[in-house]
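First up is the structure itself, then whatever we jot down about it.
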Amino acid sequence: MKVRLVDLLLLAALIAGVSFYFTHWLEVAGWAKVVWKGSGVGLLSAWAFARGRPWIGLVLGLGALGDVLLETMGLTIGAVAFLVGHVLAVSFYWRSRRLAAAVPVGIALAVSVVSFLLSGDIGVAFYGLGVGAMAGAAVASSYRLAGVGAVSFLLSDLLIFAKMGPLSASDVPGLVIWPTYFAGQALIAWSVVRSERRENLHDRI
């Protein structure tokens, strides 16, 4: 019974995250939109903590904070929260690496270059290095489904960068950014939480 109650957090997270997509067409503003946006990944974070996965819970929590800060403080401040989460995620995935270190390093460098080409912004290129490292480390780790989720997350960010440049007049990024982002976070959470390995936060520091 306890497990079922805990897993209601996952159900609530999925409902919150999926339903937020429809704010693309609904007129929702102010703190209602902020809370709605942050609740999806925030509840994934709570689920991870409740299921004994504090490290990935912390990473997801920083993602939820980033979602809120993007709405309230702007792109740069929100990106900082995400970047801290990416650094923590890299350290988590690195310990279960199954592929050579050259794989995540190469992906990180490639994403940084692509991020700059899309946006023309050196700050975005720096962030791209972080999100690329996160995705690369996840792909190279034993959490294979998390690797899929991390690539989906990465695609979401690349669409944001493309909207700054070549796709600035297109409606496509706005339709795809949230689904790829939230699906990515949900896959990451599911992969790590459902793994048989138990983690200790202090062991990861």
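The aromatic rings of His24 and Tyr21 lie parallel to each other, their planes meeting at an angle below 30°, with 60° marking the opposite boundary. Ring planes of Phe82 and Phe153: perpendicular class, angle over 60° (limits at 30 and 60°).
Ala146 and Ala138 get closest at one heavy-atom pair: O-CB, 4.0 Å. Taking each heavy atom of Val6 and Ala50 in turn, the nearest pair found is CG1-CB, 3.7 Å. Here the shortest heavy-atom pairing between Ile107 and Gly136 reads CD1-CA, 3.7 Å. Nearest heavy-atom pair, Ala150 versus Ala135, reported as atom, atom and distance to 0.1 Å: CB-CA, 3.8 Å. What you find for Ser156 and Thr180 is that their closest heavy atoms are CB-OG1, 3.2 Å. Here the closest heavy-atom approach between residue Val139 and residue Leu99 is recorded as O-CD1, 4.0 Å.
Between the side chain of Ser112 and the main chain of Leu109, no donor-acceptor pair closer than 3.5 Å is present. No donor-acceptor pair closer than 3.5 Å links the side chain of Trp190 to the backbone N or O of Leu145. No side-chain donor-acceptor contact under 3.5 Å links Ser191 to the backbone of Leu187. Judged by distance alone, with hydrogens and angles left aside, the side-chain atoms of Ser45 form no donor-acceptor pair with the main-chain N or O of Val41 at under 3.5 Å. Under the 3.5 Å distance criterion, the side-chain polar atoms of Ser39 are left unmatched by any main-chain donor or acceptor of Ala16.
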For this session: Check the pair Leu26 / Lys33 against side chain to side chain contact (heavy atoms under 4.5 Å, CB included), numbers first and verdict last.
Result: CA-CA 10 Å; Leu26 300 174; Lys33 184 177 182 180; over 6 Å; no
For this session: Please lay out, stage by stage, how Trp55 and Val192 fare under the test side chain to side chain contact (heavy atoms under 4.5 Å, CB included).
Result: CA-CA 10 Å; Trp55 193 263; Val192 176; over 6 Å; no
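Here the options are Asp121, Ile122, Leu83, the test is side chain to side chain contact (heavy atoms under 4.5 Å, CB included), and the partner is Tyr127; only Leu83 passes.
To the nearest 0.5 Å, the span separating CD1 on Ile177 from CG on Leu155 amounts to 9.5 Å. Summarising the geometry, atom CZ belonging to Arg97 is positioned 4.5 Å from atom CH2 belonging to Trp94; distances are rounded to the nearest 0.5 Å. Expressed to the nearest 0.5 Å, how far CZ of Arg51 lies from CZ of Arg194 amounts to 5.5 Å. Between the NZ atom of Lys37 and the CG atom of Leu70 there is a distance of 5.0 Å, given to the nearest 0.5 Å. With values rounded to the nearest 0.5 angstrom, Trp47 atom CH2 is found 11.0 Å from Ile56 atom CD1. Within the model, atoms CG of Leu69 and OG1 of Thr76 stand 11.5 Å from one another, a figure rounded to the nearest 0.5 Å.
The aromatic ring centroids of His86 and Tyr93 lie 6.0 Å or more from each other.
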Show the atom names and distances, to 0.1 Å, of all donor-acceptor pairs under 3.5 Å that link a side chain in residues 59-68 to residues at least two apart or in another chain.
from: Asp67; atom 1: OD1; to: Tyr181; atom 2: OH; distance (Å): 3.1
from: Asp67; atom 1: OD2; to: Tyr181; atom 2: OH; distance (Å): 2.9

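Between the side chains of Trp36 and Ser19, a donor-acceptor pair is found at a separation under 3.5 Å.
Residues satisfying the ring-ring contact (aromatic ring centres under 6.0 Å, His included) test with Phe126, not counting sequence neighbours, are none.
Annotation: side chain of Ile160 is not in contact with side chain of Pro173 (no heavy-atom distance under 4.5 Å).
Counting heavy-atom neighbours within 6.0 Å of Trp31 CH2, excluding the residue itself, gives a total of 12 or less.
Counting only residues at least two apart or on different chains, no salt bridge (charged side-chain N to carboxylate O under 4.0 Å, His left out) pair has a member in residues 146-172.
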